[in-house]
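Report on the following structure.
Letters A, B, ... mirror the listed sequences (proteins, then strands); counts begin at 1. The figures that follow rest on heavy atoms only: side chains count, while hydrogens, waters and symmetry mates do not.
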2 protein chains.
Amino acid sequence: MPRAGLTRASVTEAGAALVDEVGFDQLSMGLLAERLGVKTPSLYKHVANQADLAHLIAVLAMNELADAIRDATQGRAGRDALVAGAEAMRTFVREHPGRYAAGNAAQITGQEDPLLPASGRVMASWTAMLHGYHLDLDQEIHALRMLRSTLHGFGILELDGSFQVDTSVDDSFTWVVDFIDHGLRSLPEAKARPLQSASGTDSD
Amino acid sequence: MPRAGLTRASVTEAGAALVDEVGFDQLSMGLLAERLGVKTPSLYKHVANQADLAHLIAVLAMNELADAIRDATQGRAGRDALVAGAEAMRTFVREHPGRYAAGNAAQITGQEDPLLPASGRVMASWTAMLHGYHLDLDQEIHALRMLRSTLHGFGILELDGSFQVDTSVDDSFTWVVDFIDHGLRSLPEAKARPLQSASGTDSD
DNA sequence: CCAGGTGGCTAATACGATTAGTCAGAATCT
DNA sequence: AGATTCTGACTAATCGTATTAGCCACCTGG
């Protein structure tokens with residue numbers, strides 16, 4: 001019995017790849033073990049249980065999503081940043097449906113949970129992007145929630161195949177992002193904005 | 001052994017009540033049987049299996065949601081209808097988180113699936129509401145998808161407790177609905193709209 | 001009153017997650 | 001190198017839940 005050379009990270013990565021293939025709800029310890037060329041109980045040397053594995057996948061997913069959005073919006077502002085960020089998110093969801101689902105299903109369990117900073121990074125990227133619209137502070141939080149709701153909802157509905165009519169979903173996505181951009185630019189801008197403390201880890 | 005008097009409908013209703021209490025992912029045949037004062041295998045006289053039960057709950061949920069939106073928007077138009085419909089949906093989601101989750105998880109399995117007309121009714125209500133904004137036909141489908149995405153996303157995020165900052169979620173919801181209303185009223189209206197055939201069962 | 005169908009029950013099966021206990025190869029230390 | 005320890009894999013066993021098989025009492029319609 002040669003060592004398979006597994007690690008917590010490699011098991012997580014393989015689990016993420018698996019859920020992207022078969023769907024998050026089809027995740028099972030047996031299937032993952034098979035993919036890794038190992039017997040099921042061996043996985044328990046690396047993850048505590050299936051819930052732990054799902055959580056690890058969620059953290060990985062959130063960090064990857066945060067990277068994607070950050071990279072896409074880097075160096076852009078206003079409408080450009082919104083479009084790029086939204087597209088990056090949609091692309092991530094379509095290419096990694098399983099890990100995105102894992103990210104949704106996971107709950108932050110405490111102050112130590114690495115999912116907390118991971119989702120904080122996503123939030124921070126959106127917040128930075130919204131800064132380009134120079135909103136009032138109290139409007140910004142609402143705008144952030146609207147943005148998250150819309151992009152998240154769109155992603156889920158698209159994944160589930162809930163957009164049935166043959167109108168192009170790509171066109172709808174572009175339209176929706178435009179709709180948001182126009183709406184944000186129609187809001188009363190904050191003329192003189194107080195310096196913000198740039199605490200980039202706020203949750204929303 | 002006196003008869004418990006169960007029917008397919010009463011089992012479905014009890015299942016719906018159960019998932020609203022314990023969460024859709026905690027649904028189990030054993031727990032439901034216990035609630036109904038019956039042994040687990042007895043349930044199989046009324047539903048084919050757990051997936052069947054979940055599907056029945058989904059159909060029930062979709063029809064109830066359709067009723068709620070229809071009733072709320074009845075006799076209103078434009079902004080009033082949007083606000084009323086959106087609030088009705090949000091209320092439904094908060095009062096019936098389990099059955100709403102069931103509705104999301106379910107997939108339409110074929111042309112005979114009663115979930116098809118049920119979700120068609122929801123769609124028809126939103127479409128009727130959007131008519132009040134006199135949009136171009138090609139914009140209306142995009143607007144419908146935007147509306148569904150935003151309300152669905154908001155509902156999910158709220159249920160999951162994903163809105164963490166202490167800013168009022170009620171305020172955010174009102175803001176979001178206002179945002180949509182303003183956006184829709186800013187779109188170029190269709191001046192002379194061709195007669196639509198009112199086929200209220202389109203899927204989206 | 002009797003025949004059939006229906007809805008409940010108990011017993012048995014299957015399958016996936018998890019735990020216990022064992023052992024060999026890898027890593028470390030002298 | 002050789003001895004020791006640690007670690008990661010294995011097999012065997014347990015457990016919980018869904019599901020199926022087969023039985024039998026109750027209700028219904030004639």
Just verifying a value: how many Å separate A:L144 CG and B:T167 OG1, rounded to the nearest 0.5 Å?
10.0 Å
Answer with yes or no after comparing the ring centroid distance for A:F24 and A:Y100 against a 6.0 Å cut-off, counting only values under it.
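Centroid separation for A:F24 and A:Y100: 6.0 Å or greater.
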Separation of [N] [atom2] from [X] [atom1] (nearest whole Å):
X: B:M29; N: D:dA18; atom1: CE; atom2: C1'; result: 8 Å
X: A:H46; N: D:dG8; atom1: NE2; atom2: P; result: 6 Å
X: A:D52; N: C:dA17; atom1: CG; atom2: P; result: 14 Å
X: B:N49; N: D:dT20; atom1: CG; atom2: C1'; result: 12 Å
X: A:K39; N: C:dG21; atom1: NZ; atom2: C1'; result: 18 Å
X: A:D25; N: C:dG16; atom1: CG; atom2: P; result: 15 Å
X: A:E34; N: C:dG16; atom1: CD; atom2: P; result: 11 Å
X: A:L43; N: C:dT19; atom1: CG; atom2: P; result: 13 Å

Indicate, yes or no, whether a donor-acceptor pair under 3.5 Å links the base of C:dG8 to the side chain of B:K45.
yes
Report which part of the nucleic acid B:S42 touches: base, sugar-phosphate, or nothing (heavy-atom distance under 4.0 Å, all strands).
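Counting heavy atoms under 4.0 Å across all strands, the contact made by B:S42 includes a base.
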Choosing from [options], which nucleotide comes nearest the side chain of [X]?
X: A:V38; options: D:dC10, C:dC9, D:dA18; result: D:dC10
X: B:Q50; options: D:dA18, C:dC9, C:dA17; result: D:dA18
X: B:L6; options: C:dC9, C:dT18, C:dG8; result: C:dG8
X: B:P41; options: D:dA21, C:dG7, C:dT19; result: D:dA21

Going by atom types only, do A:Q107 and A:H55 share a side-chain donor-acceptor pair under 3.5 Å?
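Absent: no donor and acceptor within the cut-off.
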For the residue pair A:R145 and B:S172, confirm or rule out a side-chain donor-acceptor distance under 3.5 Å.
yes
Identify, between B:A51 and A:G5, the residue whose nearest nucleotide on DNA chain D lies closer to the 5' end.
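First, find each residue's nearest nucleotide; the 5'-ward one identifies A:G5.
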If we ignore hydrogens and angles and just use 3.5 Å, is the side chain of B:S162 paired with the main-chain N or O of B:E158 as donor and acceptor?
no
